[in-house]
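In what follows, a structure is listed as structure tokens, so that the remarks can point back to it.
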2 protein chains.
Amino acid sequence: MQNEVAHRRLRELILDGTYAPGVRLTEVDAAAALEMSRTPVREALRALAADGLVRTTGRGVVVVALDPGDLEDAYQVRAALEALTAETAATRQRDGRLAPADLTALRTLADVTAETTSEGRLVEAVELNRRFHRRIAELAGNRIALETLNRVWDQIQVSTLRSLKPVVRHAHVSAQHDDLLAAITDGRAQDAGQIARRHVLDTRTTARQPPEQQ
Amino acid sequence: MQNEVAHRRLRELILDGTYAPGVRLTEVDAAAALEMSRTPVREALRALAADGLVRTTGRGVVVVALDPGDLEDAYQVRAALEALTAETAATRQRDGRLAPADLTALRTLADVTAETTSEGRLVEAVELNRRFHRRIAELAGNRIALETLNRVWDQIQVSTLRSLKPVVRHAHVSAQHDDLLAAITDGRAQDAGQIARRHVLDTRTTARQPPEQQ
DNA sequence: TTTGCATGCATTGCATACAATGGATACAGT
DNA sequence: ACTGTATCCATTGTATGCAATGCATGCAAA
């Protein structure tokens with residue numbers, strides 16, 4: 001199905017910054033770029049709007065960036081949900097419903113993320129960091145929370161990508177990851193939730209406003 | 001725009017139970033029912049899928065109902081987010097950023113909801129209850145949280161509508177509403193969050209599985 | 001110079017024709 | 001009877017034409 005292809009490809013292009021916030025996309029342009037007719041592209045643009053990644057104006061769609069207030073709100077939502085997933089994952093661990101392999105994989109992911117971050121490979125670090133957090137949500141086994149978090153992560157990512165800079169206190173970030181992992185491993189559910197919330201709020205960045213381009 | 005009309009009308013029909021979970025909808029049927037061509041209807045169906053209200057099979061869309069596990073997950077997400085919005089609303093009240101009129105309106109809404117519930121007018125009660133909770137989220141002023149909650153509310157509503165029954169402990173529910181309102185009015189943010197979470201989890205119901213119809 | 005207005009044009013909204021797909025059904029062979 | 005297979009048909013997927021919309025541009029009038 002070409003509309004799914006279009007949706008996936010356009011989403012990639014937005015999340016990796018190729019289409020920056022403020023950039024305008026018309027159906028015909030996107031159709032030409034993806035070499036398909038307007039119909040599937042049109043549906044893909046609608047889907048991106050539902051994802052909150054673009055805003056439809058009367059005149060094509062525009063890649064969104066959250067204003068600083070909305071971005072703060074998004075972090076609050078993310079913190080609440082990641083506290084939930086961390087707590088749930090820890091509970092499942094305590095009840096013996098997590099495979100040991102899951103935790104070692106998470107351990108590895110945390111290590112690789114720390115290394116990549118400390119070396120300043122920013123784009124990779126963003127991707128790995130997201131995978132670490134997603135993995136925890138997956139371990140919680142809450143499908144609704146995972147889907148919701150995916151939306152929020154997307155919106156935060158597109159809004160902060162332009163202002164990527166070396167993580168200043170990367171040792172702090174890595175330590176929080178370690179603490180979180182330890183709490184989950186020990187099945188300390190409440191701790192895990194609180195650490196996750198604290199961590200998300202500590203990594204808040206502010207958005208740069210998008211230039212209303214084209 | 002007809003696609004918006006189609007989206008709105010189909011959403012209504014699903015949320016009020018006219019199209020029950022498990023019912024299959026084809027593009028042509030829906031187009032005929034709404035008296036428009038397939039194109040806008042098709043977009044509306046896609047939007048409903050993005051809302052999580054229908055699931056697209058290769059053969060038309062099917063009105064979803066969450067299975068018991070997913071429904072439980074949805075309540076967990078709802079509890080986490082309503083804790084956030086209640087806490088935020090209370091904080092704003094404490095900081096004097098809420099208008100007194102907002103709180104009296106909420107007070108009235110709580111009273112009407114209690115009355116309707118105690119009289120067993122179920123459909124109205126569902127609507128009023130949702131408005132009460134939505135109003136609090138609006139007072140929190142967190143747009144992202146409100147949008148996210150709307151999705152979760154929709155999914156819970158469509159999954160529980162078939163099993164509506166008189167609220168057994170309606171006095172308990174009303175008392176929790178009153179407690180929540182009091183905590184917000186007093187600006188007791190942490191209390192408000194905890195009461196909201198407790199309340200949501202106390203009102204959990206279990207879903208009846210949809211018949212795979214037609 | 002500025003404001004109002006008309007006109008053109010880019011772009012989306014909608015309808016419809018046609019292609020592709022995949023599930024159901026009927027039939028043949030064992 | 002049972003299984004495999006060919007065929008049909010319902011339904012969606014895609015392309016494209018035409019209508020509607022609204023923004024931008026230029027021109028005229030004050």
Side-chain angles (χ1 to χ4, degrees), chain A residues 1-14 18-65 67 147 158 209-214, chain B residues 1-14 18-65 158 209-214:
Chain A
M1 284 167 248
Q2 298 195 69
N3 68 56
E4 290 173 10
V5 175
H7 183 199
R8 193 165 48 244
R9 288 180 61 187
L10 290 175
R11 179 174 171 279
E12 293 294 332
L13 290 172
I14 291 172
T18 306
Y19 291 153
V23 166
R24 176 164 158 244
L25 276 172
T26 68
E27 292 179 6
V28 276
D29 289 350
L34 300 179
E35 296 180 304
M36 54 184 76
S37 81
R38 277 175 54 210
T39 308
V41 169
R42 180 187 183 79
E43 290 178 5
L45 291 179
R46 285 281 157 67
L48 290 170
D51 293 341
L53 288 180
V54 303
R55 173 174 49 87
T56 77
T57 72
R59 217 73 180 172
V61 303
V62 174
V63 178
V64 303
D67 66 44
E147 286 173 5
V158 68
Q209 273 305 76
E212 275 296 330
Q213 200 162 327
Q214 282 180 9
Chain B
M1 283 170 251
Q2 299 193 69
N3 67 57
E4 290 173 10
V5 175
H7 184 197
R8 194 165 48 243
R9 288 179 60 187
L10 290 175
R11 179 175 172 280
E12 293 296 331
L13 290 172
I14 291 173
T18 305
Y19 291 152
V23 166
R24 176 165 158 242
L25 277 171
T26 67
E27 292 180 4
V28 277
D29 288 350
L34 301 179
E35 296 180 305
M36 53 184 77
S37 82
R38 276 175 56 208
T39 308
V41 170
R42 179 187 184 78
E43 290 176 6
L45 291 179
R46 286 281 156 67
L48 290 171
D51 293 341
L53 288 180
V54 302
R55 173 174 48 88
T56 78
T57 71
R59 218 76 182 170
V61 303
V62 173
V63 178
V64 302
V158 69
Q209 273 305 76
E212 275 296 329
Q213 199 161 328
Q214 281 181 8

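Naming: A, B, ... by sequence-line order, numbering from 1 per chain.
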Of Leu13(A), Leu10(A), Ile14(A), Thr18(A), which meets side chain to side chain contact (heavy atoms under 4.5 Å, CB included) against Val63(A)? Ile14(A)
Residues forming a side-chain hydrogen bond (donor to acceptor under 3.5 Å, both in side chains) with Glu27(B), sequence neighbours excluded: Arg38(B), Arg42(B)
Separation between CG (Leu53(B)) and OH (Tyr19(B)), nearest 0.5 Å, reads 14.0 Å
Using a 4.0 Å cut-off on protein heavy atoms (strictly under), produce a 5'-to-3' string for nucleotides 8-20 of chain D with B for base contact, S for backbone-only sugar-phosphate contact, and - for none. --BSBBBBBB---
Side chains of His7(B) and Asp51(B): does their closest heavy-atom pair fall under 4.5 Å? yes
Output yes when a side-chain donor or acceptor of Arg24(A) lies under 3.5 Å from a complementary backbone atom of Arg59(A), and no otherwise. yes
Interface with DNA chain D, restricted to residues 4-14 of chain B and to heavy atoms under 4.0 Å: none
Side-chain contact, heavy-atom cut-off 4.5 Å: Arg8(B) with Arg11(B)? no
Can you find a pair of side-chain heavy atoms, one from Val41(A) and one from Met36(A), that are under 4.5 Å apart? yes
